[in-house]
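Structure, as C-alpha cells:
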Amino acid sequence: MPASNSGSKAQSGAPRDFIRTIVDADMKAGKNNGAVHTRFPPEPNGYLHIGHAKAICINFEIAAERSGLCNLRFDDTNPVKEDVEYVDAIKDDIAWLGFDWGDRLYFASDYFGRLYELSEQLVEQGDAYVDSCNSDEIRELRGDTTVEGKAGPYRDRAPAESLDLLRRMRAGEFEDGAHVLRAKIDLTSPNINLRDPIIYRIRHVEHHRTGNDWCIYPMYDWAHGLEDSFEGITHSLCSLEFENHRPLYDWFLSKLGVHHPQQIEFARLNLSFFVMSKRHITTLVEKGAVSGWDDPRLPTLRGLRRRGYTPGSIRSFCREIGVAKFNSTVELVKLENELRSDLNANAQRRLAVLDPLELVVTNWPEGKVDMVPAINNHEDESAGTRDVPFSGRLYIERADFMEEPPKKFFRMAPGREVRLRYGYYVTCTGVEKDEATGEVTRVLCEYDPESRGGNTADERKVKATMHWVSVDHAGDAELRLYDNLFQVPNPMKFKKGKTLLDNLNPNSLTVQHAKVEPSLMDAQPGFTCQFERTGYFTVDTVDSKSGAPVFNRAVSLRDSWAKVEKQAANQAAQRAKKK
RNA sequence: AACCCCAUGGUGUAAUUGGCAACACAACUGGUUUUGGUCCAGUCAUUCCAGGUUCGAGUCCUGGUGGGGUUACCA
C-alpha cells in the first residue's frame, strides 16, 4: 500500500457526486440485487496518465465504498494499435496506484467467440446485414448532420444471405474492406451513431493475444456493451464523448435481451500547464521535448511516479476534484498541494545545499567534528533522529547571505546572529571576496559553544534558522529542478502558424550540483525526502547510482519569502516607472 | 450547420431534491514556529442573462447567451 495520509482533510463525509447518487439510488431500489460492479476498460495502445487515474479512482472507489467489485478489462478490439507492452505497463501503473482487481482481469479478445455468435443472432433477427459497399460509399450514403443518410443497395439483403457472407468473412474468404457487418437501425437518425453502425470489419492482422485466429474484429460499440454485460457490470462509467453512443449501447443490449448495465458519462480531467491527450504527448516525445514517456515533466503516471508523486497524493487529488459533467480545468497547484500534504506528513527531512557558499566558523576547534542529532520528521515522532556531522567549515545556501540586507531579510548578514539548524548559533563576522569580481567567496562567523542543538540558556531569539552541510563530509549530488513543461496554463491555445511546441517552457529543467549530507549518498532509487527549506526530492529511478545520486525535485516547498521578494521587486519597478 | 450535453467565488466541486449557498485549493490579513515549511484564526460569490410559476428558486418552466462533444471499417 502507498504511504499516505490521503483524505486526512476532506473529512466532511463520503464523497458525493451525481454518479454516486445514481448508484446509491439504484442499490436502494434493489436494482442488480442491490450490488454495484464497475470496470476500468483501457485500450492497450499507450501509457496511462493522470486523466486515466481519475477514471480508475472513480471506478474502483465507487465499487469499494459499497462493497462492490471493479474489473480491469483491456479493450483490445483493434489489433493494429495495440501491444502487450502496454498491457503490462497499464497493469503496473494501476497496481502502483494501489488498486487491486483480484482475479478479475479480462480481455475483449477473450470474448471474440461469444461476440461473434451474438452477431449471427443479430443477423438472424434481421437487425444486422452485411454491406458490400466500400468505406467511401458507406460514408457518402451515411450523410452527415445536415444530410440524411440513404439506404445502400445491400441494406435489404436477406438475413440468410448476410449470414452466409458473415460466415465467409469470418472464414477469411475476403480481402480487407470487401464487406462489413452493420446494424440495421435508422439511416435518418440525427445521431450519426445510429445510422447503421458497423459491427465487424475485416482486418487480416495478427492480434497480440489471439494471433491469427481472427480476421474480423468487432467495433467498439458492438464489443463494449456486451463485455460489460458478460461481466455483470451494473454501472458502466465512461467519459463524456461517449454520450452520443449511449443510445447505441442500449439498442444492442435490448435487441439481444441480455443483462443491461447503465452507461453514465462524466467529464474528463484537464489540468492547467499540461496536455493530456496521447496524440500531443506523443508529439512531445517524438520531437524530443521530453526524454520519453516517463519524463518527470509529463502527466503520465510513469512520469509523475519518477518525478516523486506518491500514489496517495494522486488518489486524494482525484477525490478532491470530484466528478461532474462540466468540462473544467483544474489548477495544477491543487495537485501540488496534495503532494505537499502527503509528503509533509510522511517524508523524512534531510539537509542539502543547492547553491553552496562556504561559511567558516573561525572559533571552531581545529579538526573537531560534532555529530549533532537531527529530527527526521517533526510531523512524525516515530521517524526518529539521525546524526549529522557539524564542523568548522560548512556550506550554506548562497541566497541565505546578503552583505547589505533589505528590510525584511532575516537571514545571515554582517553582525547578525542566526541559527544553523540542529547545530549552533553563529554570528557573522566578515566576508572574503574575489577582488576582481567583488563576488563573496566565503563568509566568516563565530559560534556560541553554549548553543549546541540550537538553543541557548538565555533563550535569546534569532530570526532565521538555516540549513547547512559540512564541507569535509558533504557528498556531491546531481539535482534536476523541474518547472512546468509549458509556460502558459493552456498549452493548446496558440496563435495561427504556431504549435504546441511554441508554448514550451525553455526552463522546464534545470540541472544543479548540490552538496548533500552524507546519509544521502547511498539513498535508494525512489527514496523521497524533504530537503529542509527547499523542497521534496526523490532519487531518480533511471539515472541515479550509488555514490553518484541524482535527485528529481517533485515539488518545491511553499515559499512566502519569494513572494515578499517579488512584491518588493514590483514596487521598485513601479517606483522606477513613476520617475 | 444539425443533434446531444453542460453553466454555482480566481479554480474545482457541494447544497438533505423548492427552504439561511457549504468544502477544498488559490489569494490577502494576522498569530504560532529550531524549515520564511507546518499549524491556527480571519477576509474573499445573492448561483451566465431575461422572463415565468411559487409564501419562497442555485434547484421547476420558457426564451436567450456562452462552452463542450459528435459527424472513423479508432476507442
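Numbers restart at 1 for each chain; the letters A, B, ... are given by sequence-line order, proteins then strands.
Remark: B:C23 base-pairs with B:G12. Criterion, Watson-Crick or G-U wobble with two distances under 3.5 Å. Base pairing analysis places B:G36 opposite nothing; no Watson-Crick or G-U wobble pair with both distances below 3.5 Å involves it.
Of the side-chain N and O atoms in A:Arg142, one or more sit less than 4.0 angstrom from OP1 or OP2 of B:C73. At the phosphate of B:C74, neither OP1 nor OP2 sits under 4.0 Å from any side-chain N or O atom of A:Thr77. Neither OP1 nor OP2 of B:C74 sits under 4.0 Å from any side-chain N or O of A:Lys278.
If you check every strand for non-hydrogen atoms under 4.0 Å, A:Phe409 touches a base. Among the heavy atoms of the strands, none lies under 4.0 Å from A:Tyr200. Residue contacts shown for A:Lys463 are absent, as no nucleic acid heavy atom lies under 4.0 Å away. Nucleic acid contact class of A:Cys318 (heavy atoms, under 4.0 Å, all strands): none. Residue A:Ser189 is out of contact with every strand shown, counting any heavy-atom pair closer than 4.0 Å. Residue contacts shown for A:Gln530 include a base, since a base heavy atom lies under 4.0 Å away. At a threshold of 4.0 angstrom between heavy atoms, the contacts of A:His224 with the nucleic acid are absent. Looking at heavy-atom distances under 4.0 Å, A:Met219 makes contact with sugar-phosphate atoms alone, never a base. Nucleic acid contact for A:Ser328: sugar-phosphate only, since backbone atoms but no base atoms lie under 4.0 Å from a heavy atom of the residue.
In this structure B:U35 sits in the anti conformation; its chi angle is more than 90° from 0.
The interatomic distance linking A:Tyr536 (OH) with B:G37 (C1') rounds to 7 Å, in whole Å. Between the CG atom of A:Asn346 and the C1' atom of B:G37 there is a distance of 16 Å, given to the nearest Å. We find that CD1 of A:Ile192 is positioned 8 Å from P of B:A72, with the value rounded to whole Å. Distance CZ (A:Phe18) to C1' (B:U13): 12 Å, rounded to an integer number of Å.
Here, B:A22 and B:U16 have their P atoms 14 Å apart, quoted to the whole Å. Spacing between B:G37 and B:U43 at atom C1', rounded to whole Å, works out to 23 Å. Across B:G12 and B:G67, the matching P atoms stand 16 Å from one another, rounded to whole Å. Comparing the C1' positions of B:U47 and B:G30 gives a spacing of 31 Å, expressed to the nearest Å. Nucleotides B:A72 and B:G9, compared at atom P, are 36 Å apart to the nearest Å. The same atom, C1', is picked in B:U32 and in B:U17; the two are 44 Å apart, to the nearest Å. B:C20 and B:A57 have their C1' atoms separated by 14 Å, given to the nearest Å. Rounded to the nearest Å, the gap between the P atom of B:G56 and that of B:A24 is 34 Å.
Residue A:Arg349 places its side chain closer to B:G37 than to any other of B:A26, B:C74, B:G37. Picking from B:A2, B:C73, B:A75 the nucleotide with the shortest atom distance to the side chain of A:Thr145 gives B:A2. Closest to the side chain of A:Ile198, from the set B:C73, B:U70, B:G37, is B:C73.
Panel note: side chain A:Arg419, backbone A:Ala464; no donor-acceptor pair is recorded below 3.5 Å.
The side-chain ring of A:Tyr220 is not stacked on the base of B:A75, judged by centre separation under 5.5 angstrom and plane angle under 30 degrees.
Remark: the A:Arg411 side chain and the B:G36 base include a donor-acceptor N/O pair separated by less than 3.5 Å. Between the side chain of A:Glu331 and the base of B:G10, at least one donor-acceptor pair of N or O atoms lies under 3.5 Å. Judged by distance alone, with hydrogens and angles left aside, A:Lys334 brings a side-chain donor or acceptor within reach of the base of B:A24, the pair sitting under 3.5 Å.
No hydrogens or angles considered: nothing links the side chains of A:Thr538 and A:Arg553 as a donor-acceptor pair under 3.5 Å.
Checking each of A:Tyr424, A:Phe401, A:Tyr422, A:Phe390 against A:Trp468 for a ring pair (Phe, Tyr, Trp, His ring centres under 6.0 Å) leaves exactly one that passes, namely A:Phe390.
Two rings, from A:Phe409 and A:Trp561, have their centers less than 6.0 Å apart.
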Please tabulate, one pair per line, each protein N/O and nucleotide N/O from nucleotides 67-69 of chain B that are separated by under 3.5 Å, including the distance.
| residue | atom | partner | partner atom | Å |
| --- | --- | --- | --- | --- |
| B:G68 | O2' | A:Asn327 | ND2 | 2.8 |
| B:G69 | N2 | A:Asn244 | ND2 | 3.0 |

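In this structure, A:Arg386 CZ and A:Leu351 CG are separated by 5.5 Å, a value rounded to the nearest 0.5 Å.
Shown here is A:Glu241, whose CD atom has more than 12 heavy atoms of other residues, nucleotides or ligands within 6.0 Å.
Seen from the ring of A:Phe107, A:Arg209 counts as a face-on cation partner, given the 6.0 Å and 45° thresholds.
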